[in-house]
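Because only heavy atoms are used, hydrogens play no part in the values below, and waters and symmetry mates are left out as well, while side chains stay in. In this chain, numbering begins with 1 at the start of the sequence shown.
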Amino acid sequence: MARIVLTHSACRQYTGGMAELESDATSIRGLVRDLEVRFPGLGRQVEESMAVAIDGVMHQDDLTAPIPEGAEVYLLPRIGGG
């Protein structure tokens, strides 16, 4: 099971204010699905506007990135630029 940390209040509105969760997901895609089922709207929020850090490694658009057992996963706002 991975520890999921929601760093932005935009995500916490879906979880009733919870900032930390756990998930059995084994990929970012699986995490998005899991979050959407458990907290409707959160999976979409993550997919559209969040970057994911798995054990300190950033993943912005790679839904296939694996989430190892016991990982720490941080959901962070994407950084825009131009």
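In plain terms, the two heavy atoms of Gly30 and Ala25 that are nearest each other are C-CB, 3.5 Å. Of all heavy-atom pairs between Gly43 and Glu36, the closest is N-OE1, 3.0 Å. When all heavy atoms of Ile54 and Pro66 are compared, the closest pair comes out as CD1-O, 3.5 Å. The two residues Ala51 and Arg78 come nearest to each other via the heavy atoms N-CG, 3.6 Å.
One hydrophobic cluster, built from ILVMFWY side chains closer than 4.5 Å, holds both Leu63 and Ile67. Under a hydrophobic-cluster definition in which Ile, Leu, Val, Met, Phe, Trp and Tyr are linked whenever side-chain heavy atoms come within less than 4.5 Å, directly or via other members, Val5 and Met58 are assigned to the same cluster.
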Determine whether Leu31 and Val46 satisfy the following criterion, side chain to side chain contact (heavy atoms under 4.5 Å, CB included), listing intermediate values before the conclusion. CA-CA 9 Å; Leu31 177 61; Val46 170; 5.7 Å; no

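For the side chain to side chain contact (heavy atoms under 4.5 Å, CB included) test, no residue two or more places apart in sequence or in another chain qualifies with Gln13. Legend: residues meeting salt bridge (charged side-chain N to carboxylate O under 4.0 Å, His left out) with Glu48, ordered by chain and number and at least two apart, are Arg44. For Pro77, the side chain to side chain contact (heavy atoms under 4.5 Å, CB included) test picks out Thr7, His8, Met50, with sequence neighbours left out. With sequence neighbours excluded, the residues satisfying side chain to side chain contact (heavy atoms under 4.5 Å, CB included) with Asp62 are His59, Thr64, Ala65. Qualifying side chain to side chain contact (heavy atoms under 4.5 Å, CB included) partners for Thr15, counting only residues two or more places apart in sequence or in other chains: Leu6, Arg12, Met18, Leu21, Phe39, Leu42.
Tyr74 OH to Glu20 CD: the interatomic distance, rounded to the nearest 0.5 Å, is 7.0 Å. Distance SG/Cys11 to CG/Leu75: 5.5 Å, rounded to 0.5 Å. Separation of atoms OG (Ser27) and CZ (Arg33) is listed at 7.0 Å; rounding is to 0.5 Å.
Cluster partners of Val37: none. The rule joins Ile, Leu, Val, Met, Phe, Trp and Tyr whenever side-chain heavy atoms lie under 4.5 Å apart, and it links nothing here.
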